[in-house]
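Everything below concerns the one structure shown next.
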Protein chains: 2
Amino acid sequence: MTDAKPRQTKQRAAIVDALGRGGFRSAQDWHDVLRHDGAAIGLATVYRALQALAESGDVDAVVTDSGETLYRLCEAGEVHHHHLRCRACGAAEDVDIPTFEAWATSVAAQHGYSRIEHTVELTGVCHQCATEGA
Amino acid sequence: MTDAKPRQTKQRAAIVDALGRGGFRSAQDWHDVLRHDGAAIGLATVYRALQALAESGDVDAVVTDSGETLYRLCEAGEVHHHHLRCRACGAAEDVDIPTFEAWATSVAAQHGYSRIEHTVELTGVCHQCATEGA
DNA sequence: ATGTATAGTGATAATCGTTGTCAAATAGAG
DNA sequence: CTCTATTTGACAACGATTATCACTATACAT
Ligand SMILES: [Mn+2]
Ligand SMILES: [Mn+2]
Ligand SMILES: [Zn+2]
Ligand SMILES: [Zn+2]
């Protein structure tokens, strides 16, 4: 049932290493970062690794309004949480919403809905980007 | 500034009419509905109309995890609100989250973020779909 | 250490929702 | 009705993601 642990490859090491510098980036952006660092790695491999890491909970994934998926290494362990992300630079803070989970369950029940899932994402412009940008 | 009012065409009338039956559907699904009703209408026209209606606030648009955009005619006027949507059939309830907006602004300010936007969507399985489906 | 089975890689093609193009159709003002 | 700017729609193009599949390289057994 629990899938066999993945093999250790230099590509995956390089990806995790790159993720270490933080920030939400698309798979293609992470691939650019890796190539820029001199790593020889295929785009498909980056996609697969990021998806696997997201599934295992080691990275967070968010979908932008334009449909792109952004990934970042998450330090907040396996606890459920949400993000406040800068639309300009990819920086993000982990946040949690005290009463939201309880509220969601209650509202869903009132309407007869089950198997509830929720999406809560905050975006804005961080202080640094607000100072620099137009 | 305010764009000139769009012309009245049979295509747009047909689209608004179809939307009248409710539910969140993708542009392609709405197109299928229209064709099924015997309307001769192009897919590109459906995309354009739905986007225009979404921009003017007459329809709600949500983006699924897979990146598809779903549209539905919204009865909740121009007041800001969110949705509890059935993943199986497209049914949806308008909901509002009492203290969320204030909380979001406050958290953003604490982290030095400005120009805040937020996404809150609830999904589940409605009572009817839960009864019928597996 | 060496061989082997097997999971991982990556260049490339395919997918699919969406957007762009542009000639033909038409709403609506005069 | 006439005229013209807007709208339409068949079709091509786009862009992020996923599938292919021949080729490696890892982990394990010998
Ligand atoms: Mn996180
Ligand atoms: Mn609504
Ligand atoms: Zn920033
Ligand atoms: Zn349902």
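Numbered from 1 within each chain, the chains take letters A, B, ... in sequence-line order. Note that this is a predicted model, so its numbers are computed, not measured. These values consider heavy atoms only, across backbone and side chains, with no hydrogens, waters or symmetry-generated copies.
Between C:dA27 and B:Gln8, no contact under 4.0 Å exists linking OP1 or OP2 to a side-chain N or O. Of the side-chain N and O atoms in A:Lys10, none sit less than 4.0 angstrom from OP1 or OP2 of C:dG8. In terms of phosphate contacts, B:Arg48 brings no side-chain nitrogen or oxygen within less than 4.0 Å of OP1 or OP2 of C:dT18. Distances shorter than 4.0 Å separate some side-chain N or O of A:Gln51 from OP1 or OP2 on D:dT18. Applying the 4.0 Å criterion to OP1 and OP2 of C:dT9, one finds that A:Gln11 has a side-chain N or O inside that range. A sub-4.0 Å separation between OP1 or OP2 of C:dT26 and a side-chain N or O of B:Thr9 is absent. OP1 and OP2 of D:dT7 both lie 4.0 Å or more from every side-chain N or O belonging to B:Thr45.
Per the geometry, CG belonging to B:Leu53 stands 14 Å off C1' belonging to D:dT7, to the nearest Å. To the nearest angstrom, P of D:dC14 lies 17 Å from CD of A:Glu68. Atom-to-atom, NE2 of A:His31 to P of C:dT12 comes out at 13 Å; the value is rounded to the nearest Å. With rounding to whole Å, A:Leu50 atom CG is found 12 Å from C:dT9 atom P. Per the geometry, OH belonging to A:Tyr47 stands 13 Å off C1' belonging to C:dT15, to the nearest Å. Between the CZ atom of A:Arg7 and the P atom of D:dC28 there is a distance of 9 Å, given to the nearest Å. The nearest whole Å value for the distance from the CG atom in A:Leu43 to the P atom in D:dA16 is 10 Å. Rounded to a whole Å, the CG atom of B:Asp29 is 14 Å from the C1' atom of C:dC16.
Contact annotation for A:Ala40: backbone-only contact, meaning every heavy-atom pair under 4.0 Å involves sugar-phosphate atoms and none involves a base. Note on A:Ser26: nothing from the nucleic acid sits closer than 4.0 angstrom, heavy atoms only.
Judged by closest nucleotide on DNA chain C, A:Gly42 is the one of B:Thr69 and A:Gly42 placed further toward the 5' end.
Between the side chain of B:Arg12 and the base of D:dT7, no donor-acceptor pair under 3.5 Å is found.
Between B:Tyr113 and B:His111, the two ring planes are perpendicular [angle over 60°; tilted spans 30° to 60°]. Classification of the B:His118-B:His82 ring pair by plane angle, with boundaries at 30° and 60°, yields tilted.
Under 3.5 Å, the side chains of B:Asp94 and B:His83 contain a donor-acceptor pair of N or O atoms.
In this structure, B:Asp60 does not pair ionically with B:Arg85, as no charged nitrogen and carboxylate oxygen lie closer than 4.0 Å.
Within a 6.0 Å radius of CG in B:Asp65, other residues, nucleotides and ligands contribute 12 heavy atoms or fewer.
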